[in-house]
2 protein chains.
Amino acid sequence: MSEQDLTTLVQFFKALANESRLKLVGALAQQERSVEELASILELKEPTVSHHLSKLKELQLVHMRAEGNTHYYYLDLDALQAMQKATLTATEITPPVQEDVWETKVLHSFVENDIIKEISASRKKRRIILKWLVQKFELERLYPEQELNQIIKPIHSDTATLRRELVGYNMMKRENSIYQRVPESDWRMDSNH
Amino acid sequence: MSEQDLTTLVQFFKALANESRLKLVGALAQQERSVEELASILELKEPTVSHHLSKLKELQLVHMRAEGNTHYYYLDLDALQAMQKATLTATEITPPVQEDVWETKVLHSFVENDIIKEISASRKKRRIILKWLVQKFELERLYPEQELNQIIKPIHSDTATLRRELVGYNMMKRENSIYQRVPESDWRMDSNH
DNA sequence: CGTCTAATTAGAAGTGTATCTAATTAGATC
DNA sequence: GATCTAATTAGATACACTTCTAATTAGACG
């Protein structure tokens, strides 16, 4: 959903998010009517009705036909139904991209120039940082603790914590002080974290 | 459209008539998300997001699932689509009755106890009053001007004007000072008035 | 049990909206 | 052209809404 579509949708909802305007649409659905007539039906003053009609007209939901002094307003059924269809598809299909705005944002705030500035105390954020960190290791290869530390060290001084957390989040497994990266599919849905 | 339906519809439109809330719906259409995550995506503070979510929750458009401290919100797609269908039928079928609120209102303000208080200067209103007045006469019968006056007199003193107007609006026709009522189908669509 | 995290609630500031009265415009009528 | 009618525009008031910061609640963890 583009920025343009979004504001158009908001405008549409705003136009109908009002009892008086909704009643206007209802009254005009039956037949065209003059401003005076609408004011009488809704029990509002004419300037008020005029104001609401101008809002509906901006969005092309109604049009006006002048006959002498009298202004007859009528509904644009096509425009109305087009907008309604737009609301359907907008919420069904929904924005396609942007998926990982959140992760990107978290990473930017905790990692800079390949250096972890701070290990977030929040589990969800820590998980995102570790997910980034574990990409530094190859999948098939075995890493002795010594080597693991050497890789982590320039990224963050607290190698012990990161080592422990990587294992804790099941992103790496350890056997006799030899570490190996775990495929993402094995920890992705890990609901413990 | 009942009063209840109308306010429900207004509530629904109001709920979506806001950029932030529309974005929330968009973000939740993909998957459930925590408040913190949503705040990050929309670039708003958490209390603000919380506030918007509570509005959506009131209308049952979203629901919440707590997991520890974290509150995951997710969309109620059924509720959403149900509301969208409701908007379609509401504007297509439209209010059935109420048709002549306007005429009734005009009559009430100019006629009281079978007496015309004032002959409106407005053409449209005058037409409504005359439409009411002409019902006092039978269709087949012929009325000499004398008798016509006697019938009109107790309703309004200015018999001359009303007589002239009835003929002018083609609601009665005159021949040699004998008057006869014209069937409504013959003057109903008379666009001169 | 005290501390930390995630969320909500309370309260405040600024903006927007609905409605009204009064003034203005524009068409029709005498 | 003066007057009347229908509508719009201008300006004012009152209320609602969005967003923020600060304070509070409730769950998790050492």
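Note that these values count all heavy atoms, side chains included, but never hydrogens, waters or copies made by symmetry. Throughout, a chain's letter reflects where its sequence line sits, starting with A, and its residues are numbered from 1.
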When the distance from [atom1] of [X] to [atom2] of [N] is rounded to whole Å, what number comes out?
X: B:Glu32; N: C:dA6; atom1: CD; atom2: P; value: 16 Å
X: B:Lys14; N: D:dC15; atom1: NZ; atom2: P; value: 15 Å
X: A:His51; N: D:dA6; atom1: NE2; atom2: P; value: 23 Å
X: B:Leu24; N: D:dT19; atom1: CG; atom2: C1'; value: 14 Å
X: A:His71; N: D:dT5; atom1: NE2; atom2: P; value: 17 Å
X: B:Leu53; N: C:dA6; atom1: CG; atom2: P; value: 16 Å
X: A:Tyr72; N: D:dT5; atom1: OH; atom2: C1'; value: 13 Å
X: A:Glu19; N: C:dT19; atom1: CD; atom2: P; value: 9 Å

So does [Y] get a backbone contact from the side chain of [X], meaning a donor-acceptor N/O pair under 3.5 Å?
X: A:His156; Y: A:Ile116; result: yes
X: B:Gln180; Y: B:Met172; result: no
X: A:Arg21; Y: A:His52; result: no
X: A:Arg174; Y: A:Val167; result: no

Using a cut-off of 4.0 Å on non-hydrogen atoms, how would the nucleic acid contact of [X] be classed: base, sugar-phosphate, or nothing?
X: B:Arg126; result: nothing
X: B:His52; result: sugar-phosphate
X: B:Tyr73; result: sugar-phosphate
X: A:Ser34; result: sugar-phosphate
X: A:Thr70; result: sugar-phosphate

Check whether any side-chain nitrogen or oxygen of [X] sits under 4.0 Å from OP1 or OP2 of [N], and answer yes or no.
X: A:Asn18; N: C:dA18; answer: yes
X: B:Arg21; N: D:dT18; answer: yes
X: A:Thr48; N: C:dC20; answer: yes
X: B:Ser20; N: D:dT19; answer: yes

Under 4.0 Å protein heavy-atom contact, by nucleotide of nucleotides 23-30 of chain D - B base, S sugar-phosphate only: ---BBS--
Ring geometry between A:His63 and A:Tyr74 (parallel below 30°, tilted from 30 to 60°, perpendicular above 60°): tilted
Chi angles and distances behind the side-chain contact (heavy atoms from CB on, under 4.5 Å) call for A:Arg65, A:His71: CA-CA 6 Å; A:Arg65 173 179 78 81; A:His71 292 187; over 6 Å; no
Nearest-neighbour nucleotide for the A:Lys45 side chain, C:dT19, C:dT21, D:dC20 considered: C:dT21
Options C:dA6, D:dA6, C:dA18, nucleotide nearest the side-chain atoms of A:Glu46: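 Taking heavy atoms from C-beta onward, the closest nucleotide is D:dA6.
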Close side-chain approach of A:Tyr72 to A:Val35, heavy-atom, < 4.5 Å: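 Contact flag for A:Tyr72/A:Val35 side chains = no.
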Connected-component partners of A:Ile178 among ILVMFWY, side-chain separation under 4.5 Å: A:Leu142
